[in-house]
Amino acid sequence: MLTKINHIGIAVSSIEEALSFYRDSLGMIFSGTEEVPSQLVRVAFLSVGESKIELLEPTSPESPVAKFLEKNGPGVHHLAYGVEDIEAAIAKLVSQGVRMIDAVPRNGAHGARIAFIHPKSSGGVLTELCEAHEDSH
Ligand code: CMX
């Protein structure tokens, strides 16, 4: 069902400040920022070989990332796995009693369709399914 780890999401209070470490000190390749209104976040993608890191900055105090930062401070926020068919993946998980935050996919960054699994159903790791847009695998 899963194709690869699509990205690792990291909560930050400021993308600009975080870039000085990830882009400038670690030398990751920065491919720009994008606002994801459905998730109340601004995101920045950085590449490490074939892997990606997603920096998440809240755009509203109601953002799930704002709540996460308030409770935990900056740090690893979620793991995102690639799937070929997100509806089929959600149906399979629901049939196995897994609790979805999104039973219907939402629009994520880079035109991807995404759905989150509740961390109470995934051993405390917020888990995202990500069906990449065909131009951005
Ligand atoms: N990883 C692991 N556990 C998490 C978590 C995270 N990122 N965020 C919250 N939790 C846990 C909390 O620690 C808490 O656990 P306890 O009950 O044991 O204390 C529980 O989930 C409930 O947390 P809460 O602070 O009361 O927050 P809510 O229930 O309001 O929301 C969640 C939690 C996961 C449902 C919500 O954050 C959510 O819907 N997340 C998915 C959407 C999202 O995170 N979007 C941002 C990224 C967007 C993108 O990548 O494009």
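Keep in mind that what you see is a predicted model, and the values were worked out from it rather than measured. Atoms within each ligand, like the ligands themselves, are counted from 1 in listed order.
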Heavy atoms only: which of [options] is nearest to [atom]?
atom	options	result
atom 44 (O) of ligand 1	E62, H77, H110	H77
atom 19 (O) of ligand 1	E54, E70, K71, R106	K71
atom 38 (C) of ligand 1	I101, V76, V41	I101
atom 16 (P) of ligand 1	K120, R42, H118	K120
atom 10 (N) of ligand 1	G124, P119, S38	P119

Under a 4.0 angstrom heavy-atom cut-off, which atoms of ligand 1 come close to [X]?
X	answer
L56	47 (C), 49 (C), 50 (O)
K67	30 (O)
E128	50 (O)
H78	50 (O)
Q39	42 (C), 43 (C), 45 (N), 46 (C), 48 (C), 51 (O)

If you look only at distance, which donor and acceptor atoms sit under 3.5 Å apart when one is on a side chain in residues 17-28 and the other is two or more places apart or in another chain?
| residue | atom | partner | partner atom | Å |
| --- | --- | --- | --- | --- |
| S20 | OG | E17 | O | 3.1 |
| S25 | OG | S20 | O | 3.2 |

For E62 and K67, what are the C-alpha separation, side-chain angles and deciding distance, and is it a salt bridge (Lys or Arg N to Asp or Glu O under 4.0 Å)? CA-CA 7 Å; E62 299 310 310; K67 290 187 191 163; 5.0 Å; no
In sequence, state the C-alpha distance, the side-chain angles, and the governing distance for L129 and D102, and then conclude on side chain to side chain contact (heavy atoms under 4.5 Å, CB included). CA-CA 10 Å; L129 304 177; D102 304 302; over 6 Å; no
Please find the pair of heavy atoms, one from R113 and one from I86, that lie closest to each other, and give the distance. O-CD1, 3.3 Å
Identify, for [atom], the protein heavy atom at the shortest distance, and state residue, atom and that distance.
atom	result
atom 1 (N) of ligand 1	L126 CB, 3.5 Å
atom 8 (N) of ligand 1	F68 CD1, 4.0 Å
atom 37 (O) of ligand 1	P64 CB, 3.4 Å

Indicate the ring-plane relationship of H110 and F45, choosing parallel, tilted or perpendicular according to the 30° and 60° boundaries. tilted
Short check: is a protein heavy atom less than 4.0 Å from [atom]?
atom	result
atom 30 (O) of ligand 1	yes
atom 33 (C) of ligand 1	no
atom 27 (O) of ligand 1	no

Would you find a donor on one side and an acceptor on the other, under 3.5 Å apart, between the side chain of T3 and the backbone of G82? yes
Option passing side chain to side chain contact (heavy atoms under 4.5 Å, CB included) with E57 (candidates I15, V41, L69): I15
Can you confirm whether I53 sits close enough to I10 that some side-chain heavy atom of one is under 4.5 Å from a side-chain heavy atom of the other? yes
Consider only side-chain N and O atoms of H77 and E54, and report whether a donor and an acceptor are under 3.5 Å apart. no
Looking only at heavy atoms of V43, does any of them come nearer than 4.0 Å to an atom of ligand 1? no
Ligand 1 contact by G108, heavy-atom criterion under 4.0 angstrom: no
Go through the steps to decide whether K92 and V98 satisfy the test side chain to side chain contact (heavy atoms under 4.5 Å, CB included), and finish with yes or no. CA-CA 9 Å; K92 179 170 184 227; V98 173; over 6 Å; no
May I ask you to say whether E16 pairs ionically with R42, meaning some side-chain N is under 4.0 Å from a carboxylate O? yes
